[in-house]
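Chain letters run A, B, ... following the sequence lines, proteins first, then strands; residues in each count from 1. Heavy-atom basis, side chains included; hydrogens, waters and symmetry copies ignored. Here the structure is a predicted model, which is why all the values come from computation and not from measurement.
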Number of protein chains: 2
Amino acid sequence: MPRSGGHISAAPPTLADVAELAGVSRQTVSNAVNNPDLLRADTLARVQDAIDKLGYQPNRAARSLRTRASHLIGLRMPALQEGTANAMMDRFVHTFVEAAAETGYHVLLFYGDPADPLDGYDELLRSTAVDAFVVTDTHLGGQQTTWLQSRRARFVSFGRPWTQPDAKHPWVDVDLAYGAEIATEHLIERGHSKIAWIGWHKDSLLGEERRSGWTHAMHTHGLSTTGLASRTEDSISSGKAAADAILDETEPTALVCASDTLAMGVLHSLFERRLRLGEDIAVVGFDDSQVAQTVPPGITSVRPPLEEAARELVKALEELLATPSYAAPGVMLKPVLTVRGSS
Amino acid sequence: MPRSGGHISAAPPTLADVAELAGVSRQTVSNAVNNPDLLRADTLARVQDAIDKLGYQPNRAARSLRTRASHLIGLRMPALQEGTANAMMDRFVHTFVEAAAETGYHVLLFYGDPADPLDGYDELLRSTAVDAFVVTDTHLGGQQTTWLQSRRARFVSFGRPWTQPDAKHPWVDVDLAYGAEIATEHLIERGHSKIAWIGWHKDSLLGEERRSGWTHAMHTHGLSTTGLASRTEDSISSGKAAADAILDETEPTALVCASDTLAMGVLHSLFERRLRLGEDIAVVGFDDSQVAQTVPPGITSVRPPLEEAARELVKALEELLATPSYAAPGVMLKPVLTVRGSS
DNA sequence: ATGAAAGCGCTAACAC
DNA sequence: GTGTTAGCGCTTTCAT
């Protein structure tokens with residue numbers, strides 16, 4: 001499709017303009033665009049010519065009004081976390097927008113008050129601005145999904161329905177217990193046996209999930225976990241504090257961290273102790289953040305397959321929008337371990 | 001506005017539904033929403049009641065069709081750069097979406113083939129999907145802005161019109177020559193005099209800009225710059241190579257880097273040489289990325305005021321959409337230096 | 001201050 | 001296969 005239609009006027013051409021130029025009715029042009037098989041080959045060619053010549057593009061508002069579909073997917077912007085290494089959501093948004101584009105959907109990014117997980121959805125729903133939503137922070141509780149369901153809104157989620165085992169919406173998630181397991185096994189293969197875990201508080205579903213992978217790998221290989229686990233906040237300073245405590249008490253030779261942020265906390269502890277990352281001690285993180293990728297000598301990290309997750313979600317979205325009653329089983333994806341100098 | 005309208009039916013209420021419930025005509029309801037001052041207080045109250053009861057929200061498609069305004073701002077997703085510390089654009093997107101929300105605008109994120117800087121714009125323009133665009137990567141050349149201008153599209157840019165001094169569109173940028181200057185002066189204050197510059201190739205406008213700040217600060221303080229500057233790619237490995245060369249040859253006590261990515265390259269060099277960042281040598285970066293924030297002992301970095309930039313752009317956008325002929329002078333913002341352990 | 005009529009650009013349903 | 005008719009939900013005249 002040529003970019004320069006040779007047409008600069010303020011008002012874009014309409015169906016009627018094309019129809020007139022091609023010498024057919026408006027409906028025929030509409031069909032040429034939406035059901036080309038209905039036209040005779042020569043008519044189609046003539047209409048297509050006129051479309052190209054005018055640079056015609058259907059008006060989205062008019063089409064939406066008529067078809068009751070906006071071809072827009074709503075995505076509430078995840079809160080920005082400064083001072084952490086957490087940027088997984090940004091990478092997810094990137095890949096989701098890209099995947100959605102391939103199926104003719106655009107993404108409507110909206111903002112919601114961080115204090116209210118429901119803020120923003122209602123307005124878009126009521127004004128029929130979007131066809132569906134992608135919900136991302138399901139581990140924060142099922143408020144969003146429960147509410148969307150009660151409003152009969154269409155949506156898919158990146159993240160399993162942790163607290164509602166009977167939820168019916170399509171979802172995609174990453175098996176991060178498995179992630180912790182391969183991370184731990186990687187360290188065992190490298191000859192470590194005193195492998196510590198630095199994770200989140202007990203009330204974090206995500207945290208317990210990841211922790212179980214570590215426990216499982218340790219026990220499978222007949223290794224003890226006593227004195228090797230700690231639970232803390234997801235921040236640099238608490239990661240450092242946890243590392244300080246565990247290094248003093250149990251002297252592990254390797255640490256697995258529930259996030260790259262915690263891993264960076266550990267690095268702060270090592271820096272202070274003048275220990276060499278990857279030589280004196282091994283560290284593995286989660287998320288494969290830019291931080292893990294760039295800090296010397298590179299932090300080995302569990303990498304969630306975000307590209308695949310985005311594609312799966314778009315696929316589910318397509319089916320959901322085509323079949324109102326669509327109910328799919330959740331999809332669980334496996335992460336891979338990106339090995340770098342830290343281990 | 002109550003979130004639960006007590007109304008669950010599939011079809012959202014329309015103006016007509018509200019009118020019937022309130023016992024007025026449709027236009028009156030429309031006026032109640034768009035020109036409340038036109039109504040008598042009691043009528044307004046009655047209509048408002050009906051609106052609340054039904055949870056009415058104007059249909060966006062219908063409104064757009066009629067007013068020829070979508071209240072959507074198009075933003076093409078910047079390419080994702082893995083293996084670097086560059087995430088400034090993500091932070092910009094965050095703050096822009098937030099700022100836009102305050103004025104009733106939502107952001108339509110779209111994808112464009114990275115190989116074609118123009119890809120994606122045309123379709124949205126022709127289908128009248130967005131009211132305006134925000135263009136972000138102006139330093140890559142003026143292709144996007146030139147083309148948008150020729151199409152009479154409305155847009156603002158984050159980034160000055162480097163190659164077109166006569167461009168008329170509103171823009172906001174950050175004075176990073178000044179950023180390099182305060183970074184260098186900070187190091188001079190700390191007692192350094194052999195301060196190296198690790199920057200980009202000569203054809204990078206952004207790079208030359210930043211470099212000039214370093215040169216200026218050095219000369220102002222009577223310090224020599226010979227043998228202290230290098231030009232390279234924006235990547236970890238070339239940052240390391242540049243640092244290796246300059247550390248061997250000139251033995252500077254401090255380095256200013258054109259990006260946090262290059263600063264991380266320097267860190268790789270230091271790691272190999274077993275030098276202590278912030279003790280044996282000082283390093284300052286650009287962008288105040290998550291990497292600079294989290295790596296021990298923290299990298300001093302020039303922080304662009306993205307929040308302010310986003311707000312300025314939204315303001316310009318509002319005026320631009322209100323006044324078609326609106327022409328504003330560009331806005332140049334000053335960055336601040338976030339001082340951390342690396343200096 | 002409120003109401004009636006018209007029409008934005010498109011597609012679904014039906015006629016020919 | 002192609003054309004005609006109607007109407008999606010809203011706002012902009014214009015009349016009252």
Indicate the ring-plane relationship of B:F133 and B:Y121, choosing parallel, tilted or perpendicular according to the 30° and 60° boundaries.
perpendicular
Summarise protein proximity over nucleotides 10-16 of chain D in one line of letters, 5' to 3': B for base, S for sugar-phosphate only, - for none, counting protein heavy atoms closer than 4.0 Å.
BBB----
Check this for me, if you would: do [X] and [Y] make a salt bridge, where the nitrogen-to-carboxylate-oxygen distance has to be below 4.0 angstrom?
| X | Y | answer |
| --- | --- | --- |
| B:R76 | B:D119 | no |
| A:K53 | A:D49 | no |
| B:K315 | B:E312 | yes |

Sequence neighbours left out, what passes side chain to side chain donor-acceptor pair (under 3.5 Å) with B:T145? Give chain and number order.
B:Q164
Any side-chain N or O of A:T43 below 4.0 angstrom from OP1/OP2 of D:dT2?
yes
Check whether any side-chain N or O of B:T28 sits under 4.0 Å from OP1 or OP2 of C:dT2, and answer yes or no.
no
Under 3.5 Å: donor-acceptor pair, side chain of B:T323, backbone of B:L320
no
Above 12 or not: heavy atoms from other molecules or residues under 6.0 Å from CD of A:E20?
no
Does atom CD of B:E307 have more than 12 heavy-atom neighbours from other groups under 6.0 Å away?
yes
Describe, as an angle rounded to 10 degrees, how the axis at the first end of the helix from C:dA1-D:dT16 to C:dC16-D:dG1 is tilted relative to the axis at the last end, five pairs per end.
30°
Interatomic distance where [atom1] belongs to [X] and [atom2] belongs to [N] [whole Å]:
| X | N | atom1 | atom2 | answer |
| --- | --- | --- | --- | --- |
| A:D37 | D:dT2 | CG | P | 13 Å |
| A:L65 | D:dA6 | CG | P | 18 Å |
| B:E20 | C:dG3 | CD | C1' | 16 Å |

